[in-house]
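As the structure lists them, so they are numbered: ligands from 1, and atoms in each ligand from 1.
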Amino acid sequence: MPVESSIQHTLASSVSRNGIGLHSAKMVDITIHPAPENTGIVFRRVDITNVDTAIPAHCSNIADTMLNSRIMNNEGVTVGTVEHLMAAFFGLGIDNAIVDVNASELPAMDGSSAPYCQMINEAGIIAQGAPRRFLRVLKAVTVETDHGKAEISPSDELIIDIAIDFNDSAIGASKYFYIHRNNSFEEEISSARTFCLYQDVTKLRAAGYALGGSLENAIVVDDGTVLNEGGLRYSDEFVRHKTLDCLGDLYLGGIFVLGHITASQPSHALNNKLVKTLLADESAYEIIESKPEPVILNDTVREPVAALA
Ligand SMILES: [Zn+2]
């Protein structure tokens with residue numbers, strides 16, 4: 001299975017969709033293509049032709065973390081709201097893919113990662129020959145912003161432990177404990193949608209955000225009530241979506257991370273600060289080519305001892 005595999009994976013074929021950008025309200029076509037080993041995830045703007053439009057999905061290319069994660073290359077070419085697709089890539093164990101879009105923002109789809117998972121599964125997932133690289137955390141790294149705090153500490157698998165507390169009784173205080181294993185992303189968090197408070201909608205739109213937002217692609221909460229027909233997909237959908245965002249932002253580190261994240265009131269700014277601070281401290285991690293296996297005493301383990309004698 002791709003998530004727990006120690007070799008790289010990509011899509012088996014190309015797959016396309018279209019939709020509206022959450023913040024820009026622009027219609028956008030998206031095609032996800034397979035990519036060779038060691039490509040990583042690379043976005044391209046096919047509506048721009050006079051410059052290099054390839055933007056590797058890496059936190060060194062982050063241009064904005066206000067209400068979305070926007071990346072930019074050296075030519076100033078940008079693409080925004082990449083986090084829900086990045087979460088789907090991480091969640092399904094995709095190492096390599098090229099993503100073509102013809103506008104400045106990815107489609108909002110239904111506000112979750114589920115439609116992206118559906119695209120990837122429809123295309124199929126194939127194993128490649130090269131070993132997968134993992135970043136394994138060796139010591140704790142802690143960051144803070146005005147509103148939130150996050151830490152990543154050593155663990156042999158990825159764990160995301162999130163707490164939120166919102167001043168609206170429909171959201172309130174909740175926690176989620178996520179262990180990243182085969183199928184866990186699709187089963188637990190991929191369908192959790194983004195959300196906002198109705199009282200913030202006018203402010204957001206005045207600032208140029210959420211222009212494409214609607215009850216079709218976001219949960220809207222007003223004074224203790226969920227305005228979407230049909231209500232929530234999970235009673236704790238809000239904190240599950242924050243877990244999804246964390247996973248997507250974490251993958252802007254460009255590598256699958258093995259570590260235990262504990263975060264309160266996370267935002268894209270906090271998630272990106274955590275990834276950048278971790279990557280900047282080379283003593284805080286090691287790069288390995290296979291996930292650690294439990295230590296089992298058998299003949300294979302004893303052989304080198306015999307050789308020494
Ligand atoms: Zn989100």
Side-chain angles (χ1 to χ4, degrees), residues 19-25 28 30 41 43 57 59 62-71 79-92 99 101 104-120 145 147-148 150 160 162-164 166 168 170-171 174 176 178 180 185-186 188-198 200-201 204 207-221 226 228 232-234 236-253 261 263-275:
I20 190 170
L22 177 67
H23 297 299
S24 63
V28 53
I30 177 170
I41 308 297
F43 288 82
C59 55
I62 287 175
D64 182 18
T65 55
M66 179 66 80
L67 301 171
N68 78 113
S69 292
R70 171 171 293 275
I71 53 175
V79 62
T81 317
V82 299
E83 60 272 14
H84 298 168
L85 177 57
M86 292 304 293
F89 284 142
F90 198 123
L92 298 185
V99 184
V101 289
S104 63
E105 186 183 18
L106 264 62
M109 311 304 263
D110 70 348
S112 80
S113 291
Y116 287 128
C117 290
Q118 197 179 30
M119 284 178 76
I120 294 164
T145 60
H147 305 290
I160 302 179
I162 283 185
I164 60 170
F166 277 77
D168 187 297
I171 306 175
S174 58
Y176 200 75
Y178 174 75
H180 188 55
F185 179 73
E186 284 183 282
E188 296 179 39
I189 61 174
S190 70
S191 301
R193 293 163 294 173
T194 190
F195 59 95
C196 71
L197 302 180
Y198 183 72
D200 292 339
V201 170
L204 287 172
Y209 292 101
L211 300 175
S214 73
L215 294 171
E216 300 299 314
N217 56 32
I219 306 166
V220 183
V221 169
V226 172
N228 304 65
L232 299 176
R233 294 176 175 175
Y234 313 93
D236 56 357
E237 188 168 355
F238 308 101
V239 72
R240 288 184 196 234
H241 185 79
K242 288 292 187 183
T243 309
L244 183 164
D245 278 340
C246 181
L247 204 64
D249 288 334
L250 189 63
Y251 204 19
L252 287 172
I261 294 176
S264 61
Q265 292 300 82
S267 59
H268 294 302
L270 183 73
N271 297 338
N272 283 304
K273 192 172 181 182
L274 181 65
V275 176

Exercise. Within a radius below 2.8 Å of the Zn ion (ligand 1), how many protein N, O or S atoms are present?
Worked result: 4

For this session: Mark yes or no for whether N271, through its side chain, and L250, through its backbone, hold a donor-acceptor pair below 3.5 Å.
Result: no

Problem set entry | Between OH on residue Y251 and CD1 on residue I41, distance to nearest 0.5 Å | 4.5 Å

Exercise. Does M86 offer a backbone N or O that forms a donor-acceptor pair with the side chain of Y116 under 3.5 Å?
Worked result: no

Seminar exercise, completed: Residue pairs meeting salt bridge (Lys or Arg N to Asp or Glu O under 4.0 Å), one or both in residues 105-118, sequence neighbours left out, come to D110-R233

For this session: Applying salt bridge (charged side-chain N to carboxylate O under 4.0 Å, His left out), run through E237 and R193 and close with a yes or a no.
Result: CA-CA 7 Å; E237 188 168 355; R193 293 163 294 173; 2.8 Å; yes

For this session: Check whether any side-chain N or O of D249 sits under 3.5 Å from a backbone N or O of N272 as a donor-acceptor pair, and report yes or no.
Result: no

